[in-house]
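Notes to accompany the following structure.
FYI, side chains are in, hydrogens and waters are out, and symmetry mates aren't considered; it's all heavy atoms of this structure.
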Amino acid sequence: MKPDKLLAELEEIIEKLNYRIRWERGRFKGDSCVLEGDRIVMLNKNHPTELNVSMLSRFLIRQDLDSLHIKPAVRKELEVIWAKNKLISSDEQQNLDV
């Protein structure tokens, strides 16, 4: 899946989790926060798409995704990113492959 398409799919998932995405410029990596009761995920406009995809994947691994429908192709891409960045253990990866 192309990085731009994957980024758009991840944005949809994050919006389903009731977070709002804000694109800003600056010297920050990006992350999530709660600002005056508003749940926000900040992304840096200056970063390449792949870096923002990686940031969103790190955010999503900390969320409860069991109740959400995630397209199989997107879930597979997330699992690859998580395994590549060692965000999930090899045992968890084997469970996902079953």
**Derivation and outcome, side chain to side chain contact (heavy atoms under 4.5 Å, CB included), residues N52 and L10** = CA-CA 10 Å; N52 283 316; L10 297 180; over 6 Å; no
**Request:** Step by step, work out the salt bridge (charged side-chain N to carboxylate O under 4.0 Å, His left out) result for E9 and K5.
**Result:** CA-CA 6 Å; E9 294 287 344; K5 175 70 173 158; 3.0 Å; yes
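Shortest non-hydrogen contact noted between E24 and M42 is CG-CE, 3.2 Å. Across all their heavy atoms, S32 and Y19 have their closest contact at CB-CE2, 4.1 Å. G26 and N44 make their closest contact through O-ND2, 2.8 Å (heavy atoms, listed as atom of the first residue, atom of the second, distance). Shown here for P3 and V53, the closest heavy-atom pair between the two residues is O-CG2, 3.9 Å. The two residues L68 and R75 have their closest heavy-atom pair at O-NH2, 4.0 Å.
Each of R22, R62, R58 was checked for a salt bridge (Lys or Arg N to Asp or Glu O under 4.0 Å) with D31, and the lone residue meeting it is R62.
Looking only at side-chain heavy atoms (C-beta outward), L17 and L60 come within less than 4.5 Å of each other. Considering only heavy atoms from C-beta on, L56 comes within 4.5 Å of L43 through its side chain. Considering only heavy atoms from C-beta on, D38 comes within 4.5 Å of R20 through its side chain.
In this structure, F28 and H47 have tilted ring planes: the angle between them lies in the 30° to 60° band.
Residue-environment remark: NZ (K16) exceeds the threshold of 12 foreign heavy atoms within 6.0 Å.
Cluster membership check: I40 does not share its hydrophobic cluster with I13, using side-chain heavy-atom separations under 4.5 Å among Ile, Leu, Val, Met, Phe, Trp and Tyr. Side-chain heavy atoms closer than 4.5 Å link hydrophobic residues (I, L, V, M, F, W, Y) into clusters, and following such links, even through other members, never connects V41 to L51. The same ILVMFWY cluster, assembled from side-chain heavy atoms under 4.5 Å apart, contains both L7 and F59.
Side-chain contact of R39 with N18: a donor-acceptor pair under 3.5 Å is absent, judged by distance alone.
E77 places a side-chain N or O within donor-acceptor distance of the main-chain N or O of M1, the cut-off being under 3.5 Å.
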